[in-house]
Amino acid sequence: MAHDTINIIRQEHWALSAVLRSMILLLAEHRRHHSLPDFAVLRAMLFYVDEFPERLHHAKESELLFPMLRARSAALAPTLDRLDRDHANGQAAVRNLEHELLGFEMMAHTAAGEQRRERFERAMKVYADFYIEHMRVEEVQVLPQAERLLTVGDWAELDAAFRDNRDPIAGHGAGQVSVGLYDDVFSRIVALVPAPLGLGPANLHHTGAAGT
């Protein structure tokens with residue numbers, strides 16, 4: 001039986017993966033074309049990562065799903081502890097990325113511009129690789145166990161909670177989250193991320209000024 005919780009987690013993982021991979025692609029394309037990226041778009045993407053996966057998606061997993069699984073299986077505790085640590089460190093990691101992006105933007109036209117660019121690119125790749133692996137562990141090691149261990153009552157509670165705060169970038173409409181507040185942010189992101197999530201990327205090298 002397909003549960004809304006499982007479907008929503010997988011959809012939200014897919015959306016986050018698409019945004020992270022698109023940021024890496026965007027940076028690589030601008031480097032190849034010796035141009036600077038659109039910093040406003042990068043800020044919008046990081047805002048999305050912070051606003052939805054970090055604050056809503058991870059909270060639902062750590063506060064609802066994982067405690068239910070701990071109550072059903074002691075063997076899962078080490079994996080869940082590791083994932084909880086990842087969640088706890090997530091917002092600090094985003095703050096670091098935002099700082100590195102600001103440093104890149106502010107210093108782009110100075111002698112330190114290339115160094116700041118490399119620092120942000122390196123930090124972005126580390127974060128993307130880390131969270132893509134984090135999501136893989138959840139999907140391969142945790143979700144199958146949840147399907148095996150949780151009760152009908154557990155799923156009813158989880159499904160209601162996960163439906164209540166769904167990620168608009170993962171294809172869910174208004175009424176779950178106040179998407180209208182973020183229309184401009186999401187339109188910027190959708191213009192860059194690959195189909196079928198978005199409309200791009202295309203002509204990335206035309207969106208930034210000449211590089212240093």
Side-chain angles (χ1 to χ4, degrees), residues 11-58 89-132 135 165-174 176-212:
Q11 289 165 352
E12 292 182 351
H13 283 179
W14 175 81
L16 176 57
S17 293
V19 170
L20 293 175
R21 292 181 193 278
S22 295
M23 292 183 77
I24 298 297
L25 175 62
L26 176 65
L27 292 168
E29 283 292 293
H30 281 290
R31 179 167 283 282
R32 276 195 292 273
H33 292 284
H34 307 288
S35 59
L36 292 175
D38 184 330
F39 291 106
V41 168
L42 290 173
R43 286 195 300 271
M45 288 172 143
L46 285 182
F47 174 77
Y48 158 72
V49 171
D50 184 30
E51 191 79 358
F52 290 96
E54 290 293 348
R55 296 175 189 267
L56 296 180
H57 175 87
H58 292 167
N89 294 330
Q91 288 191 30
V94 174
R95 295 291 88 72
N96 178 64
L97 279 176
E98 290 171 336
H99 175 78
E100 293 297 343
L101 177 59
L102 181 61
F104 174 20
E105 182 177 6
M106 293 296 99
M107 305 292 285
H109 295 289
T110 73
E114 181 59 25
Q115 180 187 39
R116 299 307 296 240
R117 181 179 200 147
E118 290 175 355
R119 279 177 51 168
F120 176 68
E121 289 173 344
R122 185 165 54 249
M124 188 67 240
K125 186 174 189 310
V126 168
Y127 182 88
D129 289 348
F130 177 76
Y131 263 105
I132 287 169
M135 291 184 287
N165 286 302
R166 300 174 77 174
D167 181 347
I169 288 206
H172 308 299
Q176 304 294 340
V177 177
S178 298
V179 181
L181 295 175
Y182 303 99
D183 282 345
D184 182 61
V185 174
F186 298 139
S187 66
R188 289 172 180 269
I189 294 171
V190 169
L192 282 174
V193 299
L197 177 65
L199 305 175
N203 300 320
L204 295 181
H205 57 287
H206 293 306
T207 62
T212 57

The test is side chain to side chain contact (heavy atoms under 4.5 Å, CB included); show your working for L20 and M124 and say whether it passes. CA-CA 8 Å; L20 293 175; M124 188 67 240; 3.7 Å; yes

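- Between M45 and V49 there is no side-chain heavy-atom pair separated by less than 4.5 Å.
- Side-chain contact between R31 and E118 is present, with heavy atoms from C-beta onward closer than 4.5 Å.
- Atoms CZ and NE2, on F120 and H99 in that order, are 12.0 Å from each other to the nearest 0.5 Å.
- Residues R117 and L36 approach most closely at NH1-CD2, 3.8 Å, considering heavy atoms.
- Across every non-hydrogen atom of Y127 and L97, the tightest pair is CG-CD1, 3.5 Å.
- Looking at E100 and R122, no side-chain N of the basic residue comes within less than 4.0 Å of a carboxylate O on the acidic one, giving no salt bridge.
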List the steps and the verdict of side chain to side chain contact (heavy atoms under 4.5 Å, CB included) for T110 and R116. CA-CA 10 Å; T110 73; R116 299 307 296 240; over 6 Å; no

Side chain to side chain contact (heavy atoms under 4.5 Å, CB included), that's the test. Do L27 and L42 meet it? Break it down for me. CA-CA 9 Å; L27 292 168; L42 290 173; 4.0 Å; yes

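- Across L16 and Y48, no two heavy atoms sit closer than the pair N-OH, 3.8 Å.
- Atom-to-atom distance recorded for R21:CZ and I24:CD1 is 9.5 Å, nearest 0.5 angstrom.
- Remark: R43 engages F39, A40, L101, E105 in a side chain to side chain contact (heavy atoms under 4.5 Å, CB included) (not counting sequence neighbours).
- Listed here is the closest heavy atom pair of G113 and F104: O-CD1, 4.4 Å.
- One finds the CG atom of L25 at 9.5 Å from the NE2 atom of H30 (value rounded to the nearest 0.5 Å).
- In this structure E98 satisfies the side chain to side chain contact (heavy atoms under 4.5 Å, CB included) test together with L46, D50, V94, R95, sequence neighbours excluded.
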